[in-house]
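Take a look at the structure below.
No experiment lies behind these values; they were computed from the predicted model shown.
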Amino acid sequence: MRIEDDLADAMAAHVADVQAPPDLGRSVRRRNRSRVVRLRVAGAALVTAAVAVAVPVALNSGEPAGGQAATGQDRAVVRNDVTVPDVTGKPATEAVPLLRAAGLQADVAAEVRNNRVIAQKPAAGEQVAPGSQVELTLEPPPVEQPQDLGDLGDGREFGGIRLDYLPEGLEWGKWSGKDGFGKHSYTTSWVQPGSEPGHYSVQVIVFEGEAAKAIARFPKAGADTVDVGGAKARLATLGEGGEIASDGSEGTLTVAWKLRDGLAVKVCLSPDYVKEVDGPAEAKKIAKGIRATG
């Protein structure tokens, strides 16, 4: 018998009991690049036998054929990446369980668990390793507005006055303050729908009793004198310190007058709102529509 025949018989006996798994030909996938399982064999004549024996060992144990230690190139690593789910717009109480169910990590403080997720990192749809941390950005908690005068309904009646006119499109700001401008002073505001908490379009301040003397401190020089239902009022754009704003500077358009003895009123329009409307005209219309209720 020829040497080639002896070698073939020996190879056949060596691999007779070896069964290649059905997915032997499936490629090993890893993120961004594929891994090649390299086989070390004694000679070219043994390549066919070595493939049948060595590939399952390399995939299952991480060791190459022949018992040699695997190098970084030899070792095949299988990692099943996770697709980051989209949790934006969901309350944190829903977002965190969804991320954990996907095999990811996310934690939020107990006091903000009901807040809505407005951003996430990594973004939805990205492929990441199992167990990766997802950073959630939550909307800030609502600003608590004072309700010193209680529920005012539409806000038009408070502090002994009633507003019969407001510019179209405004709604009550759902807050009220007491004694912030001196004892027996009252205030509230009206806003455009969707305004951020703390913003206003129109604010009205009522001064009662001794507080009504505050009107006397309204600057005279540079202010316009206007008629408000038969009463003389002063109209001007005021700076933060209550002084008349210089030409071109931004301030609060304000009209102030005494409604009757012991009762005075200020109507203020925010600088942003004045840019959208005829400020002086609207301020005077609001003032003319205010009447005492007591």
If hydrophobic clusters are built by linking Ile, Leu, Val, Met, Phe, Trp and Tyr wherever their side-chain heavy atoms come under 4.5 Å apart, do [X] and [Y] end up in the same one?
X	Y	result
Ile290	Leu170	yes
Trp172	Trp175	no
Leu136	Val84	yes
Ile118	Leu98	no

Under 4.5 Å side-chain linkage, directly or through intermediates, the cluster mates of Ile244: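 Ile244 shares its hydrophobic cluster with Phe218, Leu238.
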Would you name the heavy atoms of [X] and [Y] that are closest together and state the gap between them?
X	Y	answer
Ala106	Leu99	CB-CD1, 3.6 Å
Ala216	Arg234	O-NH2, 4.2 Å
Gly169	Pro193	O-CD, 3.1 Å
Leu259	Arg291	CD2-C, 3.9 Å
Leu166	Leu163	CD2-CD2, 3.8 Å
Gly279	Leu253	C-CD2, 3.2 Å

Straight-line distance of [X] [atom1] to [Y] [atom2], nearest 0.5 Å:
X	Y	atom1	atom2	result
Asp154	Trp190	CG	CH2	8.5 Å
Lys183	Lys178	NZ	NZ	9.5 Å
Lys258	Lys213	NZ	NZ	9.5 Å
Ser176	Leu152	OG	CG	5.0 Å
Gln105	Ser132	CD	OG	9.0 Å
Glu276	Leu269	CD	CG	11.0 Å

Residue pair Ile161, Leu263: steps toward the side chain to side chain contact (heavy atoms under 4.5 Å, CB included) verdict: CA-CA 9 Å; Ile161 67 164; Leu263 190 65; 4.1 Å; yes
Hey, does the side chain of [X] reach the backbone of [Y] with a donor-acceptor pair shorter than 3.5 angstrom?
X	Y	answer
Thr293	Gly160	yes
Ser185	Val206	no
Glu250	Pro271	no
Thr187	Val204	yes

Are [X] and [Y] close enough that some pair of their side-chain heavy atoms sits under 4.5 Å apart?
X	Y	result
Asp148	Asp179	no
Val255	Ile286	no
Thr188	Leu149	no
Pro85	Leu104	yes
Glu208	Tyr186	yes
His199	Val191	no

Among Leu235, Asp227, Ile215, Val267, the one residue meeting side-chain contact (heavy atoms from CB on, under 4.5 Å) with Trp257: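 Exactly one candidate clears the test, Val267.
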Working for side chain to side chain contact (heavy atoms under 4.5 Å, CB included), residues Asp86 and Gln120: CA-CA 8 Å; Asp86 186 1; Gln120 64 180 81; 3.6 Å; yes
Glu210 atom CD, over 12 foreign heavy atoms within 6.0 Å: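 For Glu210, atom CD is not crowded (no more than 12 foreign heavy atoms under 6.0 Å).
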Parallel, tilted or perpendicular, as decided by the 30° and 60° cut-offs, for the rings of Phe207 and Phe181: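 Perpendicular, since the angle between the ring planes exceeds 60°.
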Between Gln127 and Thr83, a side-chain donor and acceptor under 3.5 Å: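 Yes, a side-chain donor-acceptor pair sits under 3.5 Å.
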Presence of salt bridge, Asp107 and Arg100, under 4.0 angstrom: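 Looking at Arg100 and Asp107, the cut-off is met.
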